[in-house]
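Naming: A, B, ... by sequence-line order, numbering from 1 per chain. Hydrogens, waters and symmetry mates play no part in the numbers below; they use all other heavy atoms, side chains included.
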There are 2 protein chains.
Amino acid sequence: MSVYTPGQVAEETGFSLDTLRYYERIGLLEPIERNAAGQRRFNDSHLSWLGMVRCLRGTGMSIAEMIRFAQLVRGGDGTIEERIALLESHDREVEQQIAELKEQQDAIQRKIRYYRDVLALAANPASCQAAEPAGTVETVGADASSR
Amino acid sequence: MSVYTPGQVAEETGFSLDTLRYYERIGLLEPIERNAAGQRRFNDSHLSWLGMVRCLRGTGMSIAEMIRFAQLVRGGDGTIEERIALLESHDREVEQQIAELKEQQDAIQRKIRYYRDVLALAANPASCQAAEPAGTVETVGADASSR
DNA sequence: ATGGCACCTGGAGTGGGCTCCAGGTCAAGG
DNA sequence: CCTTGACCTGGAGCCCACTCCAGGTGCCAT
């Protein structure tokens, strides 16, 4: 079990020194042990926890909820059901996020195709494509402003 | 082509009245026509544009970049190539976002399974599962703090 | 002993994206 | 005539998640 300087941790995790200190301040990281000079010495369990933090942040969990999770983790094995519940709920949110993102990506791609058609039509006014993407309210629509 | 009050637009698009005014102020919405009393009257092209805005915002495009896109749209047909380029670049970012989200979701699900195993092991200390999720650095790891 | 470097602290500042507020205008209804 | 409600304006305020800063400590190499 190695020990790491703040600089190394920043390097490895991608969090800035300031962010690491900030995370400790707000209790997202438990108080980090110090060497004689008062400098932080991180260990593998911190690295691993920071990996989790990165993952949760990256999927949109708020700092507040991560702190809640951190408290459960510190609360010991009795909190495992609660941790599962929290992660499952988050997992469902991520699922939803992905679904929405895909839908919206689809709309963007339809829009791109529409623009392509407009361009093609301008170059070759023979064919008769380029009607508005067509769809429900969710059309995301014509610019209706190419005056 | 109908005309809509701010209240109706807020209702339909999910943007608040304040947000609609804000978007107009910053140029994300072109100046909206007014009735005699100075109240905004939106039309279908505004609704459609707001749909686009919702889609771009929802996929993480910044306000600044949306304003850039809005300017292109106002710039007329000569800007279509640029619009395609902008949307394609955004589309790639969305693709990446989805990929990352999936990876991270996977890690979360592994963590959930790990917790489940811990629970199972506690209930039935016969079987020998519940090793750490196993993997590369990306393990997202043990809490290593269930002291 | 002098400089440089990595780190420390408490606290202030930043940027993005809204959100709220006070005070005012109009139109319709009782 | 008075209220109510939907809307208007300019400008201030808010929340989140950092990020920056000034001033200081300890250690090592020149």
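- For I26(B) and dG16(C), the CD1 to C1' distance is 10 Å, given to the nearest whole Å.
- Atoms CD (Q39(B)) and C1' (dA27(C)) sit 9 Å apart, rounded to a whole Å.
- Side chain to side chain, S45(B) and N43(B) meet the donor-acceptor criterion of an N or O pair below 3.5 Å.
- The nearest whole Å value for the distance from the CG atom in L56(B) to the P atom in dG16(C) is 18 Å.
- A straight line from CZ of R34(A) to P of dC7(C) spans 12 Å, rounded to a whole angstrom.
- Using a 4.0 Å heavy-atom cutoff across all strands shown, Y23(B) reaches sugar-phosphate atoms only and no base atom.
- With values rounded to the nearest 0.5 angstrom, R21(B) atom CZ is found 8.0 Å from S16(B) atom OG.
- Contacts between chain A and DNA chain D, taken as any atom within less than 4.0 angstrom of a protein heavy atom, begin and end at dA17(D) to dG26(D).
- For the atom pair H46(B) NE2 and T13(B) OG1, the distance stands at 12.5 Å (nearest 0.5 Å).
- Residue whose closest nucleotide on DNA chain C sits further toward the 5' end, between R57(B) and A36(B): R57(B).
- For T5(A), a side-chain nitrogen or oxygen approaches OP1 or OP2 of dC7(C) to under 4.0 Å.
- With DNA chain D read from its 5' end, the first of the two nearest nucleotides for R25(B) and R21(B) is the one closest to R21(B).
- Looking only at side-chain heavy atoms (C-beta outward), Q97(A) and Q105(B) stay at 4.5 Å or farther from each other.
- Atoms CZ (F42(A)) and P (dC7(C)) sit 10 Å apart, rounded to a whole Å.
- How far CD of E88(B) is from CD of Q109(A): 9.5 Å, rounded to the nearest 0.5 Å.
- If you find the closest nucleotide of DNA chain C to A64(B) and to A37(B), the one lying nearer the 5' end belongs to A64(B).
- The phosphate of dC8(C) (OP1 or OP2) has a side-chain N or O of R40(A) nearer than 4.0 angstrom.
- At least one donor-acceptor pair closer than 3.5 Å links the side chain of T59(A) to the backbone N or O of C55(A).
- Taking the six-membered ring where the residue is Trp, W49(B) and F69(B) present parallel rings, their angle staying beneath 30° rather than reaching 60°.
- When rounded to the nearest whole Å, the span between OH of Y22(B) and P of dT19(C) equals 10 Å.
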